[in-house]
Amino acid sequence: MRADLAPQYDPTQLDTALYARWKAAGVFTAHADRTTRLGGDRVPFVIVIPPPNVTAVLHMGHGLNDTVQDVIVRWRRMAGDEALWVPGTDHAGIATQNVIERQLAQEGRTRFDLGRDAFVERTATFVTETGGVILKQLEAIGASCDWTRTAYTFSPELSRAVREAFVRLYDAGLIYKGHRVIHWCPRCLTSLSDEEAEFADERGELYQIAYPVAGHPDRRLVVATTRPETMLGDVAVAVHPDDERYRDLVGQHVVLPVVGIEIPVIADPYADPAFGTGVVKITPAHDANDFDVGVRHGLPMPVVLDEVGALREGADASGRVPESLRGLDRFDARARIVEMLRATGQLVKVEPHQHAVRHCYRCDTVVEPRLSDQWFVRMAPLAKPALEALRDKRLRVLPERWEAVYVNWMENIRDWNISRQLWWGHRIPVWYCEGCGGEPIVSREDVAACPRCGGAVRQDEDVLDTWFSSWLWPLSTLGWPNEEARDLAAFYPTDVLVTAPEILFFWVARMVMAGCFFMGREPFHTVYLHGTVRDMQHVKMSKSLGNGIDPLDVVQSFGADALRYTVIAGLGLGTDVMLDPTNLEQSFAPGRNFVTKLWNIGRFILQNLGDAPAPALADIAPGRLTRADAWILSRLDAAIAECDTALGPARPDAARGGRWAPGELYAGLRLSELVEAARRFAWNELADWYVESTKPRLGGRDGDVARAVLVHAFDAALRLLHPVVPFITETLWQAIAPRGADEFLARAAWPVRRARDDDAAREFELVREAVGAIRQIRAEYNIAPGTRVAARVTGAQDRSARVLAHEAALIGHLARADVAAGDEPGNGEAAAHAVLSDGSHVRVPLAGAIDLGKECGRLRGELEQIASLRAGIEQRLGNERFVTRAKPDVVAGERRRLEELTTRAAQLTAKVHTLCGG
RNA sequence: GGGCGAAUAGCUCAGUUGGUUAGAGCGCCUGCCUUACACGCAGGAAGUCGGGGGUUCGAGUCCCUCUUCGCCCA
């Protein structure tokens, strides 16, 4: 009826074809009208992908991130939800622009040679031709995205959302143009948000410079700075108002070295009396803190560094930059100025100084604080509801500790600089009238002429921060701002957002704010933050460091499932994953080994099914089930329960108004625990014990029972494992029973627990114990696996005697022994002994092989161990405070255990007595 | 400088509200091609749970402190 499986699982051959079948059958396509929100009967479950940069290629970070999402989505799809995973890409303003600029540089050109329109067109063409590669790559790792809904942040639809958002915020008074110090990248020639200017510790120098006090030849103020080149823009020096040392100088002037002009000494609490000399120079145009001081004191703000970071007299700076320094790069200028100060004796001291310096997150250039006009979003009003969502338990962050980080950021939020002096991105929808020069025109539609005077208009040159489109992602991908959009109605709010903590502020927190502001509802109820992929030295994997692993290499060598399994198994909640890029074989061994094991279980079952499908378990009379059957079904039940606990509640209870219940707030999404529970069931229980136990039965009278249980248990195992290893489980599931053309494990039902026979299952544990005892004896005495030994098992009570008698043959099969059950008169034959936990015992006569001294030593050792355990328990039970204060069930448990150990010890003692005469 | 987290077997990590003999994978040792699987099977070794102090009948788990490392923020 069906072909046997190949001896080796060949993922490269099977997986691609299987993915194509899923896709063609529409397995991953969600239907808005099937959701409960639109009158259907399925609860929606939605994840939006963190959109990779459109020019990106898949790396292990994506491999991890997308596998996690896929596991969750596949789980919910099987659980009966209308599951939707929205894929897409981000136009990635700076990053993509940098790619094209690098191309141009190789051609010896710059973007300015091309001009704006040509540059944008070239970038768009590049994106069209090469972009989105990563989405295709996601298919290779099995990502079950709904490809009918692929989105792009720069598409016409999403661009409309960006404009809508801008206009609404502007109209609400939450967007404004500000003149202040922002982070400037002199290489990308754009401003950056606080989040985009990343700190990195650097070793630098702290220079102490003497500023002579005007009119007091004997006095000077010494200031400390790490950036002497900015002193040309100094407009004051500040001391703390309470600082006695300088109180008399406040209001006086000092002479600015190099420049030679006089600047005032002011009192401001910003000056820290404990840092350096307590005197700080104030450079409002080139330091954000100094800017604040400048505003407080109404100081001028001369600009002495230009956009490429070279010294130049900018606004208000006339006469400040000496001829000899003009045009010098900031770092060359620093050296030159230090030399000049040294020459005039005004350099007091230079000491090494470790400090954090901001760098551009895209090109790593040291960022320059720069005074300029930029657009900002007023964040405090947006943060309020986003904080509320968390405090109200409508939003949770896993692992829990990140919630504090989220709260801290929200509470200290600063306005968001959203304008970028780039060409690749959404142009700011603001027009200025060249005619009447009135208020800027902010519009959803392009503006051709001034609505007031009909004069010519000019659009703002800047584009929006990439994240200004990303923060709308959960809304815009579902159709917002079209409030009629069916997807928006069916699938918003979404459910879980899976990402790395690095973009908690860039993206996650802002999405919550956008969702609350534009939709009146936070965009998801769970933020799942996973760790980072690192190498064995714990260094983050990256292409530039050359310690990366290409997921496609892994897929090629071991299959997507091996990759997925390995990554998920190694991923504790919020922990990093360590992989060795120099040894893929070892790194992915857990996944590869497990997948192979599954394959072979499948082969075994198939080989034993014969031509007819296995009977359904429901059709087997319960009385025909053996202890082994009851045991594996009971283990399956436990495995299902463990998997369900690991995965947790899918969403907060609607009856609680979408608020997480206290007991569930941080529960679930323990994917590594899901893997471990399912693995243990499939391998250690199903394969190691149950499959072995069926071998003698399959050809016999109750072979059909064994087949029914085998197929039932394996089928359930495949279901539990499918979210993690979708390819092999689907392949095997298709093979173990006839399936319709449209029938897929990917949309089969998640297993549910069933009634079970606990007594029979418990009795099987005695069988396992007896087998273990005989195996141990065999190993101890080096009995070759091919050699059958004789063994006798004697039950301590009627019940165990009955069980052992019934199962003697099975015990013999599993332990490679000829087992007889029941009492027998001791005939003095040399034998090895073991006592089981209920006092039953096992005797393996080994004429000639038994070393009596060794055997006695073994038994005495065991007895000693039991004795020490008993002593411990007796001590506890003898302690009156334990008995009175510990919980009753704990005490009862100890009593029960003591009883068991006592029985066992008595049996052992008797053994030792007769055997060793002690 | 502020905040957070981690320290458990050679390595990577689990250890729920304190309660049996602290677990898993990989690696290691011994023996085996047992008619699904050597990417396997059976058996095994290996941890004074970072140091010190405390609370408790009882601490890997709670508190304090020290050390080391990591992350976030300024």
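The sequence lines fix the lettering, A, B, ..., with proteins before strands; numbering per chain opens at 1.
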Tell me the partner of B:C71, counting only Watson-Crick (N1-N3 plus N6-O4 or O6-N4) or G-U wobble (N1-O2 and O6-N3) with both under 3.5 Å; none if nothing fits. B:G3

Any strand, both distances under 3.5 Å, Watson-Crick or G-U wobble: B:U16 pairs with none

Determine the Euclidean distance between corresponding C1' atoms of B:G15 and B:C41; express it in Å to zero decimal places. 29 Å

Given B:A36, B:A24, B:G19, the nucleotide with the shortest approach to the side chain of A:Glu676: B:A24

Taken to the nearest whole Å, CD/A:Glu894 to C1'/B:U21 is 11 Å

Starting at CG of A:Asn684 and ending at P of B:A24, how long is that distance when rounded to a whole Å? 9 Å

Does any N or O in the side chain of A:Glu769 come within less than 3.5 Å of the main-chain N or O of A:Ser837, such that one atom is a donor and the other an acceptor? yes

Separation of the P atoms in B:G2 and B:C66, to the nearest angstrom: 13 Å

Under 4.0 Å, counting only non-hydrogen atoms across every strand here, what does A:Glu585 touch: a base, just sugar-phosphate, or nothing? nothing

For B:C64 and B:G25, measure between their P atoms and round to the nearest Å. 36 Å

Residue pairs passing the salt bridge (charged side-chain N to carboxylate O under 4.0 Å, His left out) test where at least one lies in residues 559-570 of chain A, sequence neighbours excluded: A:Asp70-A:Arg564

Now, which nucleotide makes the Watson-Crick or G-U wobble pair with B:G47, with each of the two distances under 3.5 Å? none

Distances for protein N or O near nucleotides 42-44 of chain B N or O, under 3.5 Å:
residue: B:G44; atom: OP1; partner: A:Gln776; partner atom: NE2; Å: 3.2

When we call it a touch if two heavy atoms are under 4.0 Å apart, what does A:Ala784 touch: a base, just sugar-phosphate, or nothing? nothing

My understanding is that only residues two or more places apart in sequence, or in another chain, count here; which of them pass side chain to side chain contact (heavy atoms under 4.5 Å, CB included) with A:Asn600? A:Thr596, A:Arg603

Rounded to the nearest angstrom, tell me the gap between atom CD in A:Glu685 and atom P in B:A24. 13 Å

Partner lookup for B:C41, please. Criteria are Watson-Crick or G-U wobble with both distances under 3.5 angstrom; report none if nothing qualifies. B:G31

Just compare B:C72, B:C37, B:U21 and give me whichever is closest to any side-chain atom of A:Val405. B:C72

Among A:Asn608, A:Ile605, A:Ile601, whose side chain to side chain contact (heavy atoms under 4.5 Å, CB included) with A:Leu710 holds? A:Ile605

Pair listing, salt bridge (charged side-chain N to carboxylate O under 4.0 Å, His left out) test, anchored in residues 580-592 of chain A, at least two apart: A:Glu585-A:Arg592

Quick check: does any side chain N or O of A:Arg227 sit under 3.5 Å from a backbone N or O of A:Asp287, one acting as donor and the other as acceptor? no

Using the P atoms only, state how far B:G51 lies from B:C73, rounded to an integer number of Å. 33 Å

Result for 5'-nearest mapping on RNA chain B, choosing between A:Arg592 and A:Arg904, is A:Arg904

NZ or CZ of A:Arg180 within 45° of A:Trp416 ring axis and under 6.0 Å: no

Whole-Å gap separating C1' (B:U30) and CZ (A:Arg778): 15 Å

Between B:U16 and B:G10 - C1' atom distance, rounded Å: 29 Å

The side chain of A:Arg679 is closest to which nucleotide in this list: B:A36, B:U34, B:A24? B:A24

Candidate nucleotides B:U34, B:G25, B:A74, ranked by approach to the side chain of A:Arg816 - the nearest: B:U34

Parallel, tilted or perpendicular, judged at 30° and 60°: which one describes the rings of A:Trp599 and A:Tyr9? tilted

Distance between the C1' atoms of B:C28 and B:U34, in whole angstroms? 24 Å

Which listed nucleotide (B:C71, B:C41, B:G19) is nearest to the side chain of A:Trp402? B:C71

Set of residues satisfying side chain to side chain contact (heavy atoms under 4.5 Å, CB included) with respect to A:Pro399, sequence neighbours excluded: A:Arg401, A:Trp402, A:Leu529, A:Leu573

Is the shortest side-chain N/O distance from A:Lys887 to OP1 or OP2 of B:G18 below 4.0 Å? no

B:G54 and B:A46, which share atom name C1', separated by this distance in whole Å: 32 Å

Specify the separation, in whole Å, of atom CH2 of A:Trp683 and atom C1' of B:C37. 9 Å

Output yes when a side-chain donor or acceptor of A:Arg358 lies under 3.5 Å from a complementary backbone atom of A:Val366, and no otherwise. no

Which atoms of nucleotides 10-17 of chain B (N or O only) lie under 3.5 Å from a protein N or O atom, and what are those distances?
residue: B:U12; atom: OP1; partner: A:His538; partner atom: NE2; Å: 3.2

Measure CZ/A:Arg881 against C1'/B:U55 and give the value in whole Å, please. 13 Å

Given B:G40, is OP1 or OP2 found less than 4.0 Å from the side-chain N or O atoms of A:Asn593? yes

Rounded to the Å, how far apart are A:Asn408 CG and B:G3 P? 11 Å

Any side-chain N or O of A:Lys695 less than 4.0 Å from the OP1 or OP2 oxygen of B:U34? no

Look only at the side chain of A:Ser557 and the backbone of A:Val554, and say whether a donor-acceptor pair between them is shorter than 3.5 Å. no

Give a yes or no on whether the backbone of A:Ala677 and the side-chain of A:Glu642 come within a donor-acceptor separation of less than 3.5 Å. no

Heavy-atom nearest nucleotide on RNA chain B for A:Asn289 versus A:Val883: which residue maps closer to 5'? A:Val883

Between B:C37 atom C1' and A:Gln8 atom CD, what is the distance in whole Å? 9 Å

Pairing check on B:C26: which nucleotide meets the Watson-Crick or G-U wobble criteria with it, both distances under 3.5 Å? B:G10

Which part of the nucleic acid, if any, lies within reach of A:Val691 when heavy atoms closer than 4.0 Å are counted: base, sugar-phosphate only, or nothing? base

